[in-house]
Every structure is written in C-alpha cells, then in structure tokens.
Amino acid sequence: MNVLYFAWVRQKVGRGEEVIEHAPALRTVGDLAAMLAARGGGYAEAFGDMRRLRAAVNQVHAGLDAVLAPGDEVAFFPPVTGG
Amino acid sequence: MNVLYFAWVRQKVGRGEEVIEHAPALRTVGDLAAMLAARGGGYAEAFGDMRRLRAAVNQVHAGLDAVLAPGDEVAFFPPVTGG
Amino acid sequence: MSVNIHIQAEDFDVSDEIEALTTETTGAVASFVGLVRGGDDLTALTLEHYPQMTEREIGRIAAEAQARWPLESLTIIHRVGRLTVGERIVLVAVAASHRAAAFEACEFLMDYLKTRAPFWKQEERGGTTRWVEHRDADAAAAERWRKP
Amino acid sequence: MSVNIHIQAEDFDVSDEIEALTTETTGAVASFVGLVRGGDDLTALTLEHYPQMTEREIGRIAAEAQARWPLESLTIIHRVGRLTVGERIVLVAVAASHRAAAFEACEFLMDYLKTRAPFWKQEERGGTTRWVEHRDADAAAAERWRKP
C-alpha cells in the first residue's frame, strides 16, 4: 500500500509517503494507524491521538474502520483547512 | 404638491408628473388616489384598484393612510421589479 | 465602512469592483450579478426608475445590512435603460472578515433591492412590450429577513 | 451543465470566470472570493494539498450541488502554494436561472470545500510558521446542509 502524509502529520513523521506491505494484521485504517504509532518518535506524536487525524483510502474520506486491501492508497492528515 | 407617475401608471395617465394643489380634502395618499381615479379615462384605469399600486411620499415608501402636506412629493407606481 | 451605490446606464466590471472593496483585513467577498435572461423570444428589457428616490432607498437598505452584519464595505450597482439578453443588470458585492456575514448580507441586499428599490422592468418580445409583473416569490424572499 | 475545477498556483480574474459561465439563459451568478486576511502580524499563508484527491473530492462536492439545485454551470478555483496578505485564495461561482439556487449552491460549495477538500493552510507570522487549526464553526456550517 502507498501511505501518504500531509501537513503536520508529514512534518512529524519526516516524510510525505512510504510503501507499507498489506498484512492480515492491518485489516483497517485504525490498525495501520496503531502500527504507525507503535514506531515511536515522530510517528507516535503524529498517530498518538487519532481524534486529531483524518484519513482517506483511494482518495475518498474514510473512517478508522475502513477495510484495507493490497494496492490501496491510504492518506493521513489533519482536519482540512482550505477555502 | 408634485405628483409623479412611473411605469404603467405613467403610461395610463399619459404623463410623468403634475402639480396638484394640497387641499383639506386631500388629507392622505388614499384621498389623492381617489381624486385621481375620479378623473376618469386613463386615471380611472390607473387608480381604479389601489391594491395594484404602491406609493411614496418624499421618496419614502408610504401607505394609503400616509398624511400629505403642502410641498410633498408624492409618487404612484406598480410594485417594483428591479434587481 | 464604505458603501458605494451607483445607478447608471453603463456596464460594470466585477473584478474591478471587488478589487476596490478589499483591504488587508478582508477575508471574504460575496457577490451577485443579475443578467437579462433570454427565453420565450425575449430580446431586451428596459429599466425605468424613480431617480430622486432610488439612491436614497438603496442607501436605507444598505444601512440596514450594515446594522445586521459585521461588514467591511459593499457596492451596489444597478443599471437603467435598455439592456439586451445576456447583459448585466445588477451587481451586489459585500466584503467582510468572514464568509457567513458576506453571504447573508449579499442575499439580503438582493432580496430587498427586488422588493423595495424603485425600478420597473419592461420586456420586449418581438415587436411587443409588457411590464414585468411583481413575483410573489420575491416578496416571500424579502419577508424571511423580518425579525420576529 | 458544465463544471470547471482548477487547482493552481496562479491568480484568477473574477470577471473572466463569470463571463465564461454565463449563457443566454443565465439570470443569476452568485460568487465568492476568499482572500488571505491580514492581522496579528500575518504575512503569508502556504497552502498544501493532496493532489491525487483534491479535484476528485471537489468534483464530488460539485456533483452534490448539481443534484440539489437547478444550476447551469459552476466554477471552482483553489490556489495552492505561498500567498501573501490580500491575495485571492479561492473562487466559487455558480450560474443559474434564478438567484435562490445560485446563492444557496455557492454557500453550500464553500461550506463543503472548507470541511472536505484536502487543503491545509500554514500561517507565517514574522519568522514563525504554524498550521491553521480546523474551526468548529466551519464544521457547523457544513452540518446544516445535511438532510434530515
């Protein structure tokens, strides 16, 4: 899966994207976020409180319970502030 | 008083304005309209049904019960259709 | 707070008018352009108005908008005379710090212009002319701004 | 019905965009311009976005507006990159036969852009930068369009 980070999420994790292999333990967006938080450091800062984050799967807004599949594009970002 | 007519009121009475002497019998806008309707012809057509008309006294929207004074500018016109 | 009201035969440029309204503290400009809408063989509209009253009445409407919303500035331009299909008739542009005030005031101003400003439209269809009838929907639109 | 969506670094001209939207059957164009609002030493904003998603999400928002109101056409332009105080950020322009649909759709589109389109603003004040926080008022504004 291609995992993308935007705004302060990108700054805290120190990169804009990375490839993460899909795995049975990463069934949902929430599972992926928990795995990322467990990495510690900037990842823990970014993913420690999922209430502050939003996600999209394949360019569509998605909740923590959205189910992931191999090849998905998953993005994590703060609540949007455009307009 | 200076009396002004607009849109189809102007067309029916055949003029855009006229001077009408203030008089005790012309206490209100409604009295003036009734006097004008009594002239017959285009005036009767224009002033026969006051529900179709609107009025202003000294450039402010006014009802039939608005009281007139010498020197007033009184206007009669259809409901407005600008914008 | 600046209020600009123009009754004119000439056309206007929306960009220029918006540009003139904005300052360093403007965050939002809501605007509305009304045009001569074609259809049913309409070829043109002629707009008549009551010159001595028009600017004063629009000024009263603008003052009411200023009293109700925190606005920075606003511009109202209403054209008069003969306008063919596709021509611009009216512009209302409202600048504010935030968008809710700008949107609401802009819509309020249009609703009040439609029901209180002394303009009358005459339509031309082919060779015939006809005065446009007042729409009940416009009265209803203005009515919803009345305070309880 | 044409829908024009542009994400760009360049500025836009409101008059040109409105002109491009209008046809012979257009009676009303409601539009909104959002600007970088100064104050509290703000010097600039930098807008980041999620390129693969932005146009698609705005397209979904536009489709929802089309489904809810009788619209003729609409244009949404959102700038990205660094913008200084007073610069235009966003344009939403909606053409319709009648003004109520144009106004409502324009406000709806702005409320949804603010809460769903993947843009993030970073402020510069003096030498420091800070990510803009999501405003609860924006969420509430979008919420009122939800059908019961």
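The structure displayed is predicted, hence computed values, not measured ones. Quick note on labels: first sequence line is chain A, next is B, and so on, each numbered from 1.
Of the candidates C:Thr75, C:Val33, C:Asn4, C:Val92, C:Thr75 is the only one forming a side-chain contact (heavy atoms from CB on, under 4.5 Å) with C:Glu17. The residue from C:Glu124, C:Glu87, C:Glu123, C:Glu48 that alone fulfils the salt bridge (Lys or Arg N to Asp or Glu O under 4.0 Å) condition with C:Arg82 is C:Glu124.
Looking at B:Arg54, neither its backbone nor its side chain comes within 4.5 Å of chain C, counting heavy atoms on both sides.
In terms of heavy-atom pairs under 4.5 Å with chain B, the best-connected choice from C:His49, C:Met110, C:Arg116 is C:Arg116. Of the listed residues (B:Ala56, B:Pro78, B:Gly16), the one with the most heavy-atom contacts under 4.5 Å to chain C is B:Pro78.
Between C:Trp145 and C:Phe108, the ring planes lie perpendicular to each other; the angle is over 60°, past the 30° to 60° tilted range. Between B:Tyr5 and B:Phe76, the two ring planes are parallel [angle under 30°; tilted spans 30° to 60°].
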